[in-house]
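Working notes, structure below.
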Amino acid sequence: MPELPEVEVVRAGLAPAVTGALVAGVEVLDARSLKRHDPASGAFESLVTGARIEAAVRRGKFLWLPFRPASPVAGADASGADASGSDASGSTGGAGADAAPLALVGHLGMSGQMLLRTPDHPGDDRHARIRLHLEHVGHGELRVDFVDQRIFGSLAVDRLVPTADGEVAGFSGDVTGAWARSIPTQVAHIARDPLDPAFDERAFFAALARRATGIKRVLLDQGVVSGIGNIYADEALWAAKLHPEQPAASISRRRARELLDAVRDVLLKALAEGGTSFDAQYVNVNGASGYFAHSLNAYGQTGRPCPRCGTPIVREPFMNRSSHRCPRCQRLRVARGD
DNA sequence: CGAAAGACCTGAGTGC
DNA sequence: TGCACTCAGGTCTTTC
């Protein structure tokens with residue numbers, strides 16, 4: 001259940017290994033992990049093979065690797081390669097300057113991992129779905145294994161289009177690349193995350209004021225604010241002393257501001273703890289390893305005393321999952337100015 | 001447009 | 001031992 005901090009750990013671990021790398025080959029072990037790939041744009045394998053990766057970018061929980069497609073001419077005489085990708089609409093247009101910029105888009109879903117490995121690493125991973133074979137000038141040959149038990153995650157090749165606001169699309173540590181202000185079409189509807197310098201606070205407050213539904217539903221709506229999942233929603237609501245079902249529109253501007261601050265605080269804290277957990281050489285780019293159970297105040301703490309007031313935390317059904325809250329600190333309150 | 005419910009997935013755990 | 005059931009949950013789609 002990787003949320004923003006976990007995905008950022010993955011992005012940061014991947015970035016130095018994939019930036020500038022050539023995709024020498026790809027193995028699709030389970031096509032279900034391509035469910036977000038639109039076959040009309042071409043076969044996944046042929047689009048990715050020969051690509052030169054330019055960066056690793058993240059917005060919310062989405063991750064993408066902008067790349068320059070292989071030049072058809074350069075690839076032709078090198079070695080027969082497998083020309084299996086010659087579908088009906090074969091012409092990919094000469095990979096010149098007018099070729100559409102593309103990106104490899106990834107979402108980890110609930111159980112997805114991007115494991116960075118040496119080429120000789122045993123391929124015995126039970127849930128390995130897709131493997132990328134890379135050649136990197138500095139690191140030599142590498143492998144990225146997309147491992148995903150529950151297959152809620154996926155990889156896809158998608159077109160990059162300019163961002164609606166003209167700002168940098170997501171976080172990558174580099175705002176100068178030609179790809180920086182472009183976003184994959186399937187990520188374009190996702191709001192910026194609250195740590196993004198271009199996050200639109202006014203739009204966030206306006207969305208809250210407009211919604212009659214519970215505040216937790218709004219926090220989980222990636223079209224309003226991205227990067228938050230069940231865990232950090234519960235944590236932020238606990239910190240802001242808000243009941244998950246408190247109607248969003250009933251929350252005063254002042255308390256909404258406190259909530260946004262709490263969200264940022266929770267995400268930054270998790271990021272700080274997660275950022276220290278990987279080793280320098282071959283980073284274990286593992287989305288699940290970054291969970292910081294010791295610092296959780298509400299999520300998964302059913303029956304344990306609220307760290308603030310000592311009242312046992314309760315677990316309640318919520319959208320086919322669970323909410324965890326302190327029944328004393330986080331009460332439903334009638335709409336009224338603060 | 002907003003809101004809510006269902007679908008997609010697998011494996012661990014529980015009760016009988 | 002085995003079977004049925006519950007739970008974990010992010011995002012997309014459908015329905016109202």
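Labels below follow one simple rule: chain letters A, B, ... track the order of the sequence lines, proteins then strands, and each chain is numbered from 1. Computed from a predicted model, the values in this text were never measured in an experiment.
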Expressed as a whole number of angstroms, how long is the span from [X]:[atom1] to [N]:[atom2]?
X	N	atom1	atom2	value
Met319(A)	dA8(C)	CE	P	14 Å
Arg217(A)	dT11(C)	CZ	P	17 Å
Asn230(A)	dA8(C)	CG	P	8 Å
Tyr232(A)	dG10(C)	OH	C1'	15 Å
Phe318(A)	dG10(C)	CZ	C1'	12 Å
Arg321(A)	dT6(C)	CZ	P	17 Å
Met110(A)	dG10(C)	CE	P	7 Å
Leu155(A)	dT11(C)	CG	P	15 Å

Check this for me: does any side-chain nitrogen of one of Arg254(A) and Glu258(A) sit under 4.0 Å from a carboxylate oxygen of the other?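 Yes, this pair counts.
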Electrostatic pair Asp193(A):Arg58(A) at N-O distance under 4.0 angstrom: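 Arg58(A) and Asp193(A): salt-bridged.
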Arg308(A) atom CZ, neighbour heavy-atom count above 12 within 6.0 Å: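 Check passes, neighbour count above 12.
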Flag if over 12 foreign heavy atoms under 6.0 Å of CG, Asn320(A):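 No - once you tally the heavy atoms of other residues, nucleotides and ligands closer than 6.0 Å, there are 12 at most.
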Side-chain heavy atoms of Leu104(A) within contact of Leu132(A), under 4.5 Å: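 Contact flag for Leu104(A)/Leu132(A) side chains = yes.
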Given side chains that start at C-beta, do those of Phe204(A) and Pro194(A) come closer than 4.5 Å, heavy atoms only?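 No; the side chains remain at least 4.5 Å from each other.
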Under 3.5 Å, is there a donor on one side chain and an acceptor on the other for Ser154(A) and Arg36(A)?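 Per modelled atom types, Ser154(A) and Arg36(A) side chains form a pair under 3.5 Å.
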Both His107(A) and Ser322(A) contact DNA chain C. Taking the nearest nucleotide for each, which residue is further toward the 5' end?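 In this pair, the answer is Ser322(A).
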Under 4.0 Å between any heavy atoms, over every strand shown, what does Lys61(A) touch: base, sugar-phosphate, or nothing? Just pick one.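 Sugar-phosphate: the residue Lys61(A), judged by heavy atoms under 4.0 Å, touches backbone atoms but no base.
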Can you tabulate the close N/O pairs, meaning under 3.5 Å, that link protein atoms to atoms of nucleotides 12-16 of chain C?
| residue | atom | partner | partner atom | Å |
| --- | --- | --- | --- | --- |
| dC12(C) | OP2 | His189(A) | NE2 | 3.2 |

At their closest point, which heavy atom of Gln186(A) faces which heavy atom of Asp158(A), and how far apart are they?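 Scanning both residues, the minimum pair turns out to be N-OD2, 2.8 Å.
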Of the non-hydrogen atoms in His139(A) and Leu142(A), which two are nearest, and what is the gap between them?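 Looking at all heavy atoms of both residues, the shortest contact is CB-CD1, 3.9 Å.
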Considering only heavy atoms of chain A and a distance under 4.0 Å, specify the first and last nucleotide of DNA chain B in 5' to 3' order that meet this criterion.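 Using the under 4.0 Å cut-off, the span is dG2(B) to dG11(B).
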Nearest-nucleotide 5' precedence on DNA chain B, Asn320(A) against Ile151(A):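 So the residue in question is Asn320(A).
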Ignoring backbone atoms, test whether Ser111(A) places a side-chain nitrogen or oxygen under 4.0 Å from the OP1 or OP2 oxygen of dG9(C).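 False: Ser111(A) side-chain N/O out of range (4.0 Å or more) of dG9(C) OP1/OP2.
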